[in-house]
Amino acid sequence: MLYPFNIIPQSVVLRAPLDMSGAADGGAMAIESLWQRGGLSDRAQSAMRAARDVSQRGPAGEAEGPVDPRLVTRGSFPSKPLKPKAKRGGAAATDLALAALLDQAFFDWFQITLPNQEGRAQCQVGGAEEGDAIGAAFGWAVHNGLHPGRISGGHNGYRAALPFTMGPESSEAVFRVNSGSTGGLMPNLMLTGGHGACATLAPLLQAQFQGARLSRADAAIDWSQAGLFDELLSMARLLARANVKLGGVRLIESDTGRTFYLGSRTSTVSLRVYEKDRERAARGVIDVDDVDPDLIRIEWTFRPQSKSKAGMAGLSPGEMIRTSIWARDFMARAAMLMQVTDRVGRLDPQAVVREVREKTLEGTVQHGVDQYAKSFARLAAARLVEREHDGRYDMAMVDYSEIESEATAIFISLLKETEAAKAIVIEQRLGEVMDPDAWRASYVHELMQEPVWQDRSRDKARSSMMDRARAMGMEVRA
């Protein structure tokens with residue numbers, strides 16, 4: 001039986017009371033002008049005042065987690081964004097109304113990579129492990145009323161994809177199984193918006209494939225309130241001034257309505273706010289007469305770093321929002337504009353389990369092979385063509401086994417030049433058979449001598465520097 005899906009699940013379309021009589025469609029400057037003239041509601045004025053206070057403060061607070069070389073969007077707006085005064089008897093708790101708002105969030109995109117038997121993402125492409133995973137994904141899709149379509153090219157580094165629709169009469173894919181990774185990864189499963197299908201199917205996918213790794217998830221909240229888009233836009237601009245890591249607000253106005261972005265779309269967390277019904281009407285999903293001009297979608301996109309992918313995959317949409325300090329801060333201030341709270345509430349952070357993998361020699365060597373195997377093979381092929389065919393690639397015929405043998409010879413030659421093997425024999429006392437006492441005594445002696453050798457090296461380096469200085473005519477004190 002096919003599952004019926006509405007265009008927007010009714011459980012997530014929230015209708016808020018209207019208290020924005022002074023708001024117009026004049027953009028952020030108009031909102032600020034209205035604020036100065038007292039044309040906004042008391043609650044909206046409080047939110048705008050809080051946002052402006054933030055924009056006039058000093059540097060933004062520290063970002064969560066390790067420094068990311070990319071444009072990072074995880075910093076806070078104020079230096080201490082969500083730390084209200086502690087209540088008697090303990091620290092302040094999460095605002096219940098704000099928590100209830102995040103509980104209304106739903107997935108509009110959910111994409112995971114299936115784990116292998118060891119819980120990792122790697123596999124032999126074309127092997128049994130990949131085939132078993134594809135079969136499991138196919139079974140899940142059919143069990144949940146989806147219909148397989150025509151196999152085509154894949155996405156995001158996968159060479160093939162099997163799309164699924166809501167039925168044989170439907171042409172829009174709501175689920176895809178991507179396989180044939182160019183990077184040797186397990187199959188990737190992708191649930192798209194699909195007129196509300198993702199909101200219903202994503203929790204089922206999470207329950208079925210526990211231990212998967214999250215590639216991307218969009219967590220959305222729909223809210224209908226007159227003037228809300230302009231208020232959120234103005235607030236976002238003021239907050240972005242206090243955190244340059246967000247990269248500023250980017251506003252796009254088109255036939256599909258207005259959209260603004262905050263944060264880099266390639267970073268771990270980014271935000272998109274847009275006029276949802278206008279966008280659907282432009283795509284022909286709904287009639288123009290059915291458009292709610294005040295319906296706004298607040299949509300967060302998460303692309304976690306590798307060590308957080310497994311931990312993020314099992315979280316709900318609201319929990320994902322709570323993993324980011326700047327997302328919590330934004331939603332706490334937005335909730336006041338949305339009249340959910342009468343102040344900037346508190347949201348406790350959501351912990352994410354991060355992978356800590358033990359480094360092994362085999363893993364280090366495998367990484368080196370993955371990184372440099374083709375470089376060795378290219379050099380080997382070049383030497384074979386030069387030596388046996390006078391550099392004529394057009395006249396050369398070389399078997400891959402010849403390249404493997406040549407590459408092995410190149411590696412052995414370079415290994416001998418480094419004398420790394422001799423160093424390991426000395427380091428691990430492999431040059432002679434030793435009884436346990438002598439073996440232990442050798443380490444004790446070396447440990448006690450290490451400071452002496454360090455002093456000798458330092459004195460030698462200092463003496464060399466002094467000799468160079470004297471050679472340059474500089475006065476040197478002993």
Side-chain angles (χ1 to χ4, degrees), residues 1-9 12 106-116 121 123-220 256 272 276 279-287 297 299 301-303 309 313 317:
M1 176 179 178
L2 299 180
Y3 286 84
F5 294 105
N6 296 327
I7 291 177
I8 295 183
V12 296
F106 58 93
F107 284 122
D108 193 49
W109 186 290
F110 191 76
Q111 187 173 355
I112 56 174
T113 300
L114 296 182
N116 60 19
C123 76
Q124 180 182 353
V125 176
E129 200 167 36
E130 183 187 37
D132 291 343
I134 294 173
F138 187 97
W140 175 87
V142 173
H143 176 75
N144 285 280
L146 302 181
H147 185 78
R150 184 174 64 87
I151 295 175
S152 60
H155 303 77
N156 302 322
Y158 287 86
R159 292 191 289 266
L162 173 59
F164 288 81
T165 63
M166 298 306 302
E169 72 285 351
S170 176
S171 60
E172 181 178 358
V174 298
F175 178 62
R176 286 183 174 86
V177 179
N178 295 303
S179 66
S181 167
T182 57
L185 299 178
M186 288 285 287
N188 183 271
L189 311 184
M190 184 166 61
L191 273 171
T192 56
H195 308 312
C198 184
T200 303
L201 290 173
L204 302 178
L205 193 67
Q206 287 178 302
Q208 180 67 29
F209 297 104
Q210 298 181 24
R213 300 168 61 81
L214 183 69
S215 302
R216 170 189 164 184
D218 291 358
T256 61
R272 178 170 70 137
K276 182 58 183 177
E279 180 257 349
R280 292 189 308 186
R283 292 192 295 116
V285 177
I286 61 174
D287 294 332
R297 174 162 293 184
E299 187 171 276
T301 296
F302 298 90
R303 295 180 176 88
K309 288 180 179 292

Q: Any carboxylate oxygen within less than 4.0 angstrom of a Lys/Arg side-chain nitrogen, looking at Asp108 and Arg297?
A: yes

Q: Quick one: pull up SG in Cys123 and CD in Glu130 and give me the separation to the nearest 0.5 Å.
A: 5.0 Å

Q: Distance from Met166 atom CE to His147 atom NE2, nearest 0.5 Å?
A: 12.5 Å

Q: Decide side chain to side chain contact (heavy atoms under 4.5 Å, CB included) for Leu162 and Arg176; before the verdict, give the C-alpha distance in whole Å, the side-chain angles of both, and the deciding distance to 0.1 Å.
A: CA-CA 6 Å; Leu162 173 59; Arg176 286 183 174 86; over 6 Å; no

Q: Which is it for Trp140 and Phe164 under the ring-ring contact (aromatic ring centres under 6.0 Å, His included) test, yes or no, and what are the steps along the way?
A: CA-CA 11 Å; Trp140 175 87; Phe164 288 81; 8.6 Å; no

Q: Let me confirm one number: the CG-CD distance from Leu191 to Gln206, rounded to the nearest 0.5 Å.
A: 10.0 Å

Q: Please round to the nearest 0.5 Å and tell me the distance separating atom CD of Gln208 and atom CG of Leu201.
A: 12.5 Å

Q: Is the backbone of Met186 close enough, under 3.5 Å, to the side chain of Thr113 for a donor and an acceptor to pair up by distance?
A: no

Q: Do the side chains of Leu185 and Tyr158 get nearer than 4.5 Å, heavy atoms only?
A: yes

Q: Would you kindly say whether Asn188 and Ser215 are connected by a side-chain donor-acceptor distance under 3.5 Å?
A: yes

Q: Restricting to non-hydrogen atoms, name the atom on Ala173 and the atom on Thr192 that form the minimum distance, rounded to 0.1 Å.
A: O-OG1, 3.4 Å

Q: Is the shortest heavy-atom distance from the side chain of Leu189 to the side chain of Phe175 under 4.5 Å?
A: yes

Q: Would you mind reporting whether Phe110 and Arg216 have side-chain heavy atoms less than 4.5 Å apart?
A: no

Q: What residues form a side chain to side chain contact (heavy atoms under 4.5 Å, CB included) with Arg283, not counting sequence neighbours?
A: Lys276, Glu279, Arg280, Val285

Q: Minimum heavy-atom separation for Met190 to Asn178, with atom names?
A: CE-ND2, 4.1 Å

